[in-house]
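Reviewing the structure listed below.
By convention in this document, chain letters (A, B, ...) are assigned in the order of the sequence lines, proteins followed by strands, and residues within each chain are numbered from 1.
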Amino acid sequence: MDNLTNSQWISLIVPLLIVQLILIAVALTVLVKADRTRGPKWLWAIVIVLVNLLGPIAFFLFGRRSD
Amino acid sequence: MKQWFVLFNKEWLEILRSYRIIWLPIGFIVLGASQPIATFFMPDILASAGNMPEGAVIRIPTPQPFEVMAGALSQFGVIGLLLVALSGMGAISGEKASGTAAMVLVKPVSHVSFVTAKWAALLLLAVLSFAAGYGAAWYYTASLFDSVGWGEVVQSALLFALWLGFVGTLALLFSSLLRSAAAATFGALATAAVLSIASSSLPFEQSWNPGRLSGLAAESLNAGAASPGDGQGAVWLTVIVTATAMLAALAASARSLKRMPSND
């Protein structure tokens with residue numbers, strides 16, 4: 001951590017955070033718009049926000065009902 | 001050929017609608033980027049983790065840049081493979097269960113183009129996602145450690161993409177053979193795991209084993225080593241065997257679809 005300046009540090013971490021936030025935002029939008037989900041919506045919201053990376057992916061795979 | 005593109009477009013639309021186009025690349029990018037970052041901060045993480053006696057000195061040699069990239073590849077080899085297999089989950093078994101496959105296939109559509117269009121769309125998505133993730137790993141490795149040469153990165157990416165494609169093809173094959181999407185995913189991952197463990201632990205020569213590919217990809221990152229594995233010829237043999245196995249798997253799944261286009 002010593003040989004990185006603050007702005008270098010930010011320029012490395014911020015893109016990674018933004019990408020993850022996009023994933024969470026899209027998952028939450030789909031969740032809110034969905035008529036029905038497999039399992040309660042509030043539980044999926046918690047999973048999407050709290051489980052890093054795999055939470056939103058699990059929602060896309062298992063949470064949506066296509067019918 | 002025109003018909004094939006119609007089917008391919010349908011598959012691609014399905015990929016957009018199921019949001020796979022978003023989560024698969026992001027999954028790979030996060031995996032690829034977090035490996036160099038975690039490696040870079042490992043000394044700090046260990047120091048703050050506690051449980052160290054007072055005055056303990058840990059010396060971790062700074063890893064070579066190609067070792068960091070190889071670490072990212074091994075992440076892709078575990079979680080990345082899982083994501084690819086999950087993204088292809090139910091590709092054919094779902095269509096069989098819902099009756100879509102039977103409905104499409106009563107029309108004069110060849111089974112081969114039905115299967116290959118699916119296969120091409122799945123593999124295109126997987127390869128694009130892997131390229132994005134590997135690009136992220138490369139960028140982070142170059143900014144935190146040191147750069148890795150173009151030639152080595154491209155060679156290892158091609159080898160690893162072939163391995164991903166092989167596992168994706170297996171997922172498609174099992175999806176056409178088995179009813180349950182979960183069983184198909186498990187079958188593909190288990191086959192991949194057995195091949196890859198066999199290639200690294202069995203004592204005899206296995207130039208034919210596709211499971212070698214991920215190891216070869218990691219080795220070919222090291223510019224210092226002469227040539228990966230047991231020479232260029234053995235690498236080509238692995239590549240050819242893998243490609244043949246993929247063709248055979250496609251033929252087998254087209255055949256199984258022809259015999260049983262729906263579950264009932």
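Taking 4.5 Å as the heavy-atom cut-off, the residues of residues 124-139 of chain B that approach chain A are B:Tyr139, ordered by number. Within residues 19-26 of chain A, the residues having any heavy atom under 4.5 Å from a heavy atom of chain B are, by residue number, A:Val19, A:Gln20, A:Ile22, A:Leu23, A:Val26.
Residues B:Ser18 and A:Arg64 are in side-chain contact: their nearest non-hydrogen atoms beyond the backbone lie under 4.5 Å apart. You'll find the side chain of B:Ile37 reaches within 4.5 Å of the side chain of A:Ile13, heavy atoms only.
Ring geometry for B:Tyr19 against A:Phe60 counts as parallel: the plane angle stays under 30°, on a 0 to 90° scale with 60° as the upper cut.
Between A:Trp9 and B:Phe40, the ring centre distance reaches or exceeds 6.0 Å.
Within the 4.5 angstrom heavy-atom criterion, only side-chain atoms of A:Phe62, from C-beta onward, approach chain B. With a 4.5 angstrom heavy-atom cutoff, A:Leu16 touches chain B via backbone and side-chain atoms both.
Open room surrounds CZ on B:Phe186; 12 or fewer heavy atoms of other groups in view lie less than 6.0 Å from it.
With values rounded to the nearest 0.5 angstrom, B:Arg20 atom CZ is found 13.0 Å from A:Ile57 atom CD1. Once rounded to the nearest 0.5 Å, the distance linking CG of B:Leu83 with CG of A:Leu53 reads 7.0 Å.
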